[in-house]
Structure formats: C-alpha cells, structure tokens
Amino acid sequence: VMPDKEGQQLIPVGSLIPNGGFEEVVADSKESVMDWTYREEVRWEMGASPAKGWVVKGSSTQPWERSLERNHTAGGKACLKLQFDPSKKNEVPNLLAVPESRDGFEIGARQYQVSAWVWRPTQGGLAEGTLSIQVKYSADKNAKPVDLTLAKVSDLPTDKWVQVTQMIEIPGDASRMQVQLAFTGAPGQAGAIYIDDVNVKGN
C-alpha cells in the first residue's frame, strides 16, 4: 500500500527487520554474499553475512559478528557484536538489514519508530563513535537519504542494556525504503559494542 498524495495516515504495520534479535544463523558467518549491485540503481554492495537476513556492506574484513556473549531478546541467546581492531585496518563498517526481495521494505505507515538495544562493556568497550540508522527511499527521486543518530557511544552507560530510539517521517511519494544499521568510529580505536533487538516499526 503506497501512501496517498494527501498524506493520510495509513494502517500501522509490524516490524520490518528480519532477524532483528540475531537468533537465526547462516551456514557460515563468514560466507560471501553475491553481488547485489544493479546497473540502473546501486542498491546493495557485496559483503559477508553475520546472521540470517543481514549483510555487511562492501568490506573485506568482518568487524560485525553474531555473538553468544550477551543477549537481550527474551528467550534468546545471541546478539550482534561490533569489534574494532586497528591492527586489521578495518574500514568504517556498515551493516545492512536486507529483505529477501533485495529491493527494500514496502512502506505501510506514515511514521516509523527505529529502535535498538546497545551494551557497552566497561572492560574492552568502545570509548567513542556513533551508532546510526541510514534510510533511503525508492519511488521518490526527490527524497533525500536520512541519517538518524541513535547514540553516541560516549553517552551510553556501561555494563547494561540501553534502548535507543528515533522516529522516521516517510516522504509522501515513497513506496519502499532501504534501512542500514551503521557505526562510525574514530581511526585507530579498539574495542567492542553489542547490539540486539533492532526494530523498525510502523506507528
């Protein structure tokens, strides 16, 4: 269902994110993903898959991994871990939430709430950097990508799960959106953060 031109409120929909709790695994967490770059429009770049339904954007390294060290999902046992290691010369890592269609998520509401749970350990945790959600829209060439800052690492308390949220306003002519979870870190820093229960839900 596409938003109408008058911008009327649409029926809310559930979460768009597949495997947002990272409980489902892939056969090999290091396996390469097929090239998802289209000629007419760049959509997804090739990378590696840390958990089912997720792909790392165009990085030869694997800074993101499914981890059993921590968990926030009720009844679950896994989360997503981002490990910075300056000795491996990691690029700025981006993690994409990719639907099976590879064309983005169908929009069914005028507003969406983006949320995630983050854990920053006191020992071995990252001291700085920014966790964000990047959203791109299709079917509306004038709709600019949105970069929503979820949290600055230095503002997060340590050794506890903290929920971070943001709201997305959907452009009137957009019919689909692409969502990626991204972290931008300082050059040369080392450390880790844990992320769980990533959710993009219509309101």
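Just so you know, these numbers use all the heavy atoms, side chains as well, and skip hydrogens, waters and symmetry mates.
- For Gln123, the side chain to side chain donor-acceptor pair (under 3.5 Å) criterion is met by no residue, not counting sequence neighbours.
- To the nearest 0.5 Å, the span separating CG on Asn199 from CD1 on Ile17 amounts to 7.5 Å.
- In this structure Thr165 satisfies the side chain to side chain contact (heavy atoms under 4.5 Å, CB included) test together with Gln113, Ser115, Gln163, sequence neighbours excluded.
- The shortest side-chain heavy-atom distance between Tyr112 and Ile170 falls under the 4.5 Å cut-off.
- Glu69 is linked by a side chain to side chain contact (heavy atoms under 4.5 Å, CB included) to Ser67, Lys81, Tyr194, counting only residues two or more places apart in sequence or in another chain.
- Placement of Phe183 and Trp117 in two distinct hydrophobic clusters is found when ILVMFWY residues are connected by side-chain heavy-atom separations under 4.5 Å, directly or transitively.
- A donor-acceptor contact closer than 3.5 angstrom is absent between the side chains of Gln189 and Glu128.
- Closest non-hydrogen pair, Thr73 versus Gly21, comes out as OG1-CA, 3.6 Å.
- Leu181 has its side chain within reach of Leu131: a pair of non-hydrogen atoms, C-beta onward, lies under 4.5 Å apart.
- Considering only heavy atoms from C-beta on, Asp159 comes within 4.5 Å of Pro121 through its side chain.
- Residues Val153 and Leu80 are members of one and the same hydrophobic cluster, defined by side-chain heavy-atom contacts under 4.5 angstrom among Ile, Leu, Val, Met, Phe, Trp and Tyr.
- Taking 4.5 Å as the limit, some side-chain heavy atom of Val114 sits within range of a side-chain heavy atom of Leu150.
- In this structure, the side chain of Asn19 engages the main chain of Glu24 through a donor-acceptor pair within 3.5 Å.
- A continuous path of Ile, Leu, Val, Met, Phe, Trp and Tyr side chains, each step under 4.5 Å between heavy atoms, connects Leu16 with Phe22, placing both in one hydrophobic cluster.
- Among all heavy-atom pairs drawn from Ala109 and Gly202, the shortest one is CB-CA, 4.0 Å.
- Scanning for ring pair (Phe, Tyr, Trp, His ring centres under 6.0 Å) contacts around Trp161 gives His72, Trp119, with sequence neighbours left out.
- Within the 4.5 Å cutoff, no side-chain heavy atoms of Ile133 are placed close to those of Gln180.
- Separation of atoms CZ (Phe105) and CZ (Arg176) is listed at 9.5 Å; rounding is to 0.5 Å.
- Here the shortest heavy-atom pairing between Arg120 and Leu126 reads CD-O, 3.1 Å.
- A donor-acceptor pair under 3.5 Å is absent between the side-chain atoms of Arg110 and the main chain of Glu169, judged by distance alone.
- Every residue two or more places apart in sequence or in another chain that forms a side chain to side chain contact (heavy atoms under 4.5 Å, CB included) with Ser154 is listed here: Lys152.
- Closest non-hydrogen pair, Trp54 versus Pro18, comes out as NE1-O, 3.1 Å.
- With contacts defined as side-chain heavy-atom distances shorter than 4.5 Å, the pair Lys136/Val179 does not qualify.
- The heavy-atom pair separating Glu65 from Pro50 by the smallest distance is CA-CB, 4.0 Å.
- Here the closest heavy-atom approach between residue Asn203 and residue Met167 is recorded as ND2-CE, 3.0 Å.
- A distance of 9.5 Å separates CD in Gln134 from OG1 in Thr149, rounded to the nearest 0.5 Å.
- Looking at residues two or more places apart in sequence or on another chain, you find no side chain to side chain donor-acceptor pair (under 3.5 Å) involving Asp155.
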